[in-house]
Amino acid sequence: MSRYDPQTLEAKWQSAWDEAQTFLAKADPDKPKYYVLEMFPYPSGRIHIGHVRNYTMGDVIARYKRAAGHTVLHPMGWDAFGMPAENAAMKEGGHPKDWTYNNIAVMRAQMKPLGLSIDWTREFATCDPEYYGQQQALFLDFLEKGLVYRKNAVVNWDPVDMTVLANEQVIDGKGWRSGAEVERRELTQWFFKISDHSEELLSALDGLDNWPAKVKTMQANWIGMSRGLQFSFALTERAGDFEGIEVYTTRPDTLMGASFVGISADHPLAKKLEKDNSAIAAFCAEVRKGATNEEAIEKAEKLGFDTGLRVKHPLNPDWELPVWIANFILMDYGTGAIFACPAHDQRDLDFCRKYDLPVIDTFYALDDTTPVTTEAFVPPKTDTVKWVNHFAGLDEATGQDAIDATIDFAEAAGWGEGKTQYRLRDWGLSRQRYWGCPIPVVHCDACGVVPEKKENLPIALPYDSGNEPIDFSIPGNPLDRHPSWRDVPCPACGKPAKRETDTMDTFVDSSWYFARFTAPRAETPTDADAAAYWMNVDQYIGGIEHAILHLLYSRFFARAMNITGHLPDSATEPFDALFTQGMVTHAIYQTTDAQNGRPVYHYPEEVELRDGKGFLKADGREVQIIPSAKMSKSKNNVVDPVAIIEQYGADTARWFVLSDSPPERDVEWTAAGAEAAYKHLNRVWSLCDRIGQMDPDAPGQGDEDLKRAMHKAIFDVTSGVESFGFNAAIAKLYAFTNTIQKSKASHAVQREAIMTLAQLMAPMTPHLAEDIWAHQGGTGLITNAPWPDVDETMLVEDTVTLPIQVNGKRRSEITVPKDMDKAEVEKLVMEDDAVQRALQNGPLKKLIVVPGRIVNVVI
RNA sequence: GCGGGCGUGAUGGAAUGGUAGACAUACCAGACUUAAAAUCUGUUGGGGCGUAGCCCCGUGUGGGUUCGAGUCCCACCGCCCGCACCA
């Protein structure tokens with residue numbers, strides 16, 4: 001008897017696929033096309049078991065669609081620009097380019113043994129000048145169409161290192177290297193005008209039927225459409241050019257509860273005031289300390305400063321309100337100024353209590369008119385409430401009705417205007433870093449900002465030029481310190497000018513790579529025919545962490561590329577279907593350092609598991625097991641796919657990552673689970689071997705039963721794969737394997753069953769499937785064999801078992817012909833022993849028969 | 001802080017509002033073996049009773065809708081993802 005030998009057979013079939021160029025994506029007029037794409041990886045250096053899961057899922061879809069008669073595009077590339085390469089250069093020396101391409105080579109070599117059905121001829125990295133040169137061409141076209149512009153924006157500034165920090169480099173408001181308190185500083189930066197498309201990006205979500213509802217909800221909330229009132233509070237005395245303060249509010253109905261007017265520290269009025277008032281300047285400087293991210297701003301203690309200015313209430317000129325500068329008001333949203341209604345907003349209430357400002361109720365619950373004290377009264381806008389003294393004449397009305405009435409009232413009276421606002425801000429793409437796509441413009445003293453000429457593209461990053469080395473040991477952008485790269489003649493007037501030294505956000509790179517895959521070597525960003533043929537991505541697969549930014553930016557880019565003629569109208573929503581997979585987790589094995597009490601983390605290889613407890617192999621000490629933790633190098637709980645593939649083969653790794661958990665949820669990697677997957681594949685192989693040795697002429701029993709089980713398996717696995725129920729499909733494959741194993745059917749039927757099993761397993765374990773196919777004398781490659789058809793007539797059962805519930809609890813069951821008359825079922829139910837017993841406790845109240853499903857007897 | 005999601009045996013999980021625990025892991029028992037491993041077979045949510053069977057409890061917690069709730073609604077607890085310069 002032969003042995004399952006994955007190392008040999010996997011290498012063998014991978015070469016067979018390579019030789020036949022099986023996975024080359026080719027346009028084929030006789031077949032429907034299918035484009036499956038997994039979010040491409042960042043070349044961190046090693047593949048991660050999470051990659052294995054992500055790419056295996058995509059591969060299952062790709063292989064299944066091929067078998068089901070599609071011509072498939074399944075490409076792979078590298079999201080290769082970004083900070084880790086520069087960080088590595090800072091820490092260990094070397095060059096980001098070398099680091100990146102080395103990592104790519106290592107990861108490609110690690111990925112190939114997985115046997116993914118990828119068209120490797122289309123591979124590219126975003127740091128290839130051929131790719132980012134086309135990205136620069138896109139930028140120039142966007143610029144021409146007004147989709148890009150420059151404005152001031154705040155960044156995290158490290159005053160010690162004199163450098164811009166990314167949010168992740170700011171830890172508790174301090175720079176990660178210097179430890180200095182970070183400040184917000186304004187720089188002139190490039191922006192994509194994504195906000196012009198807010199309405200469209202929001203409304204088009206409705207058409208994305210095959211996207212998870214949660215992702216659409218998150219995007220909708222992120223875009224954040226609101227309807228409100230914009231109006232001006234007149235200042236009692238002018239302050240410079242300011243006669244009033246323009247505010248935007250989504251709750252204009254609470255205007256009678258206004259207690260102060262608040263402005264952002266970045267509001268033009270605040271900036272004007274701080275020039276002449278050192279106390280205000282000090283306060284604004286204080287507010288500008290700390291990180292720029294919204295989370296930090298929201299969590300910070302609420303601070304305010306009374307400017308001494310006063311405004312008139314629009315409904316009552318005798319009513320004056322103070323003007324405060326507050327740290328929780330964002331200049332980016334609305335007008336950068338608000339009025340506060342503490343009775344109906346917790347944040348405003350906390351602020352007013354802190355600074356002893358008045359709290360005025362504007363409405364009460366219908367049954368409770370207790371005034372607000374420490375907790376703001378914030379019912380849903382759909383609730384009907386009782387109004388205290390509403391200027392639009394309302395008594396009892398919902399919040400929404402009151403808002404609408406207020407906007408109408410203000411518009412009729414002429415002091416305000418109903419306005420639709422979006423929370424979505426323009427996308428800042430400038431990064432003060434080296435390892436990114438250079439922004440292809442030149443700054444000229446005479447001509448201003450001048451776009452590069454397209455024939456000069458790509459504007460390539462300098463690698464190293466003699467006495468101008470790319471040095472990462474000092475902070476700041478090396479491009480700034482590289483005169484021969486930076487100093488160029490102006491493309492317009494030819495006078496000396498300077499290149500833009502900022503590079504692009506790496507989100508730009510990943511916002512159009514899916515389009516580039518359709519024609520990766522084209523001399524323009526896309527090729528019209530190829531894009532028209534292969535777009536859209538039929539199935540996109542990636543992590544939920546990209547639910548908002550990457551996917552929203554890509555949706556915007558597809559529109560911008562359409563406007564500039566790089567994508568057809570049909571591709572403005574680039575991803576027809578989206579699937580978000582969960583992470584692969586692993587237990588953490590932890591002990592405590594006796595000296596300093598700090599946790600010590602142990603690698604899985606160092607730990608022996610017994611009876612659910614873990615012990616160190618070295619000295620037998622028990623370790624604490626923290627289950628299902630996100631894999632992290634610092635916690636030593638990373639599983640190396642390379643080691644798994646060496647030990648068990650790729651098919652085992654693929655089978656395991658698909659088997660245990662639903663794909664959208666996290667899966668915990670366990671050694672026992674991997675072992676079990678390996679054992680099962682061995683079992684399937686032995687089964688194939690056994691069937692191969694059967695006497696073809698010996699009579700069998702239960703041929704019909706095995707055929708029925710086979711068609712049931714085809715049906716179940718097909719629907720499982722189609723609906724991303726990979727774990728359920730695998731459970732059915734286990735069950736079908738068990739059925740074949742126990743079957744005494746004839747050789748012909750068993751052979752048909754094992755070959756069908758191989759076909760059904762082929763998307764998950766392609767190497768083993770090929771081997772079984774060859775072993776049983778199948779024609780050609782199983783990878784090229786059509787997906788098995790299900791014979792629907794084999795699925796029909798003649799009888800059905802109906803559970804009988806008494807008051808909703810299962811008490812008995814009856815087996816009846818499938819199409820039995822309802823009245824007849826009722827009669828049988830009433831004769832049932834359990835029902836008879838139950839009837840002794842009381843009379844029958846109701847009898848519910850759901851045909852083919854269930855019976856409920858209500859006593 | 002804000003937005004989104006998840007929570008089921010010892011473990012991973014299954015279950016169009018319709019028999020909770022499919023399929024697997026682990027454990028236990030048996031077969032094979034000098035023995036072990038491997039392999040195969042079987043049992044296993046918890047509790048109880050008059051133990052061929054029947055009853056009670058059980059899907060994070062507390063309420064609600066329904067003939068019927070793991071599934072729908074409300075509140076709470078815990079964990080995860082995102083918050084615009086991580087990718």
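Throughout, a chain's letter reflects where its sequence line sits, starting with A, and its residues are numbered from 1.
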Ranking B/C86, B/A87, B/A24 by distance to the side chain of A/Y734, first place goes to B/A24
Would you say A/D502 and A/Q432 are linked by a side-chain donor-acceptor pair, where the criterion is simply a distance under 3.5 Å?
yes
Figure out the OH/C1' separation between A/Y422 and B/A84, and round it to whole Å.
19 Å
Would you classify A/R423 as touching base, sugar-phosphate or nothing, given that sugar-phosphate means primed atoms plus P, OP1 and OP2, and contacts are heavy atoms under 4.0 Å?
base
When you measure from the side-chain N and O atoms of A/N293 to the phosphate of B/G82, is any distance below 4.0 Å, counting only OP1 and OP2?
no
Enclosure of A/D172 CG (heavy-atom neighbours >12, cutoff 6.0 Å)
no
For RNA chain B, the residues among residues 677-684 of chain A that have a non-hydrogen atom under 4.0 Å from it
A/K679, A/R683
Within a 6.0 Å radius of atom NZ on A/K744, are there more than 12 heavy atoms belonging to other residues, nucleotides or ligands?
no
Can you check the A/M504 CE to B/C86 P distance for me, whole Å?
18 Å
What do you reckon, is NZ of A/K712 surrounded by more than 12 foreign heavy atoms closer than 6.0 Å?
no
Does A/S510 reach a base, just sugar-phosphate, or nothing at all? Heavy atoms under 4.0 Å.
nothing
So A/L552, base contact, sugar-phosphate only, or nothing? Heavy-atom distance under 4.0 Å.
nothing
How about A/F715: does its CZ atom have over 12 heavy atoms from other parts shown lying under 6.0 Å from it?
no
What is the distance from NZ of A/K299 to C1' of B/C83, rounded to the nearest Å?
10 Å
Here the distance between atom P of B/C86 and atom CD of A/E168, to the nearest Å, is 6 Å
Test of understanding: with side chain to side chain donor-acceptor pair (under 3.5 Å), list the residues that count as partners of A/S723, not counting sequence neighbours.
none
For atom P, what is the distance between B/C27 and B/U11, given to the nearest Å?
15 Å
Closest-nucleotide mapping onto RNA chain B: is A/N727 or A/T801 further toward the 5' terminus? I mean the 5' end.
A/N727
Starting at atom CD1 of A/I548, determine the distance to atom C1' of B/G82, rounded to an integer number of angstrom.
5 Å
Can you name the side chain to side chain donor-acceptor pair (under 3.5 Å) partners of A/N327, sequence neighbours left out?
none
Would you say A/R3 reaches B/A38's phosphate, i.e. side-chain N/O to OP1/OP2 under 4.0 Å?
no
Does B/G4 have OP1 or OP2 sitting under 4.0 Å from an N or O in the side chain of A/T217?
no
Atom P, compared across B/A75 and B/C85: separation rounded to whole Å
33 Å
Closest to the A/R431 side chain: B/A24, B/A14, B/C85?
B/C85
Can you list everything that forms a salt bridge (Lys or Arg N to Asp or Glu O under 4.0 Å) with A/R150? Sequence neighbours excluded, please.
none
Listed nucleotide nearest any side-chain atom of A/N167, set B/A84, B/G18, B/A87:
B/A84
Assigned chi class of B/G60 under the 90° convention is anti
Pairwise C1' distance, B/G70 and B/G45 [rounded to whole Å]
15 Å
Looking only at atom C1', what distance separates B/A29 and B/A20, rounded to whole Å?
27 Å
Of the options B/C85, B/C54, B/A14, whose atoms approach the side-chain atoms of A/P662 most closely?
B/A14
Would you mind checking if A/R431 and A/D505 are paired as a salt bridge, meaning a charged N to carboxylate O distance below 4.0 Å?
yes
If the plane angle is over 60° it's perpendicular, under 30° parallel, otherwise tilted; pick one for A/F192 and A/F557.
perpendicular
Over how many whole Å does the gap from A/Y4 atom OH to B/A38 atom C1' extend?
17 Å
Against the side chain of A/L424, the closest entry in B/A84, B/C23, B/C81 is B/A84
At 4.0 Å (heavy atoms only), tell me whether A/K742 reaches a base, stays on the sugar-phosphate, or touches nothing.
sugar-phosphate
To the nearest angstrom, how far is A/L549 atom CG from B/C81 atom P?
15 Å
Has the side chain of A/E294 got a donor or acceptor atom sitting under 3.5 Å from an opposite partner on the base of B/C83?
no
Would you indicate what A/N738 reaches in the nucleic acid, counting non-hydrogen atoms under 4.0 angstrom: base, sugar-phosphate, or nothing?
sugar-phosphate
Considering only atom P, compute the distance from B/A36 to B/G50 and round it to an integer number of Å.
40 Å
Looking across every strand, which nucleic acid part, if any, lies under 4.0 Å from A/A676 by heavy atom: base, sugar-phosphate, or nothing?
sugar-phosphate
Do the non-hydrogen side-chain atoms of A/V721 and A/M764 ever get within less than 4.5 Å of each other?
yes
Between the side chains of A/W435 and A/T100, does any donor sit under 3.5 Å from an acceptor?
yes
Report the relative orientation of the aromatic rings in A/Y55 and A/H51; use parallel for angles under 30°, tilted for 30 to 60°, perpendicular for over 60°.
parallel
Per-residue pairing states of RNA chain B in dot-bracket (Watson-Crick or G-U under 3.5 Å; . unpaired, | other strand) read (((((((..(((.....[....)))(.((((.......)))).)(((((...)))))..(((((..]....))))))))))))....
Does A/M830, at its CE atom, have more than 12 non-hydrogen atoms belonging to other residues, nucleotides or ligands within less than 6.0 Å?
yes
Suppose you measure atom P in B/G12 against the same atom in B/G18; what distance do you get, rounded to whole Å?
24 Å
Please check the phosphate of B/A84 (OP1 and OP2 only) for any side-chain N or O of A/R425 closer than 4.0 Å.
no
Can you tell me which nucleotide in B/G18, B/C55, B/C83 comes closest to the side chain of A/I848?
B/G18
Quiz item: A/E664 side-chain donor-acceptor pair to B/C6 base, under 3.5 Å
no
First of A/F507 and A/A213 reached from the 5' end of RNA chain B, by closest nucleotide:
A/A213
What's the closest nucleotide to the A/E298 side chain, out of B/G1, B/A87, B/U19?
B/G1
Of all the choices, B/G1, B/U19, B/C85, which nucleotide is nearest to the side chain of A/E295 once you look at every atom?
B/G1
What is the nucleic acid contact for A/Q219, judged by heavy atoms within less than 4.0 Å: base, sugar-phosphate only, or nothing?
nothing
Looking at A/Q432 and B/C85, is any side-chain donor or acceptor paired with a base atom of the opposite kind under 3.5 Å?
yes
Do A/Q219 and A/L551 have side-chain heavy atoms sitting under 4.5 Å apart?
yes
Contact class for A/G224 (heavy atom, under 4.0 Å): base, sugar-phosphate, or nothing?
nothing
Kindly say whether A/R185 contributes a backbone atom to a donor-acceptor pair with the side chain of A/E183 at under 3.5 angstrom?
no
How many Å lie between OH on A/Y553 and C1' on B/G82, as a whole number?
12 Å
What are the residues of residues 850-859 of chain A, sorted by number, that bring a heavy atom to within less than 4.0 Å of RNA chain B?
A/V850, A/R853, A/I854, A/N856, A/V858
On a whole-Å scale, what distance lies between the C1' atoms belonging to B/G58 and B/G47?
10 Å
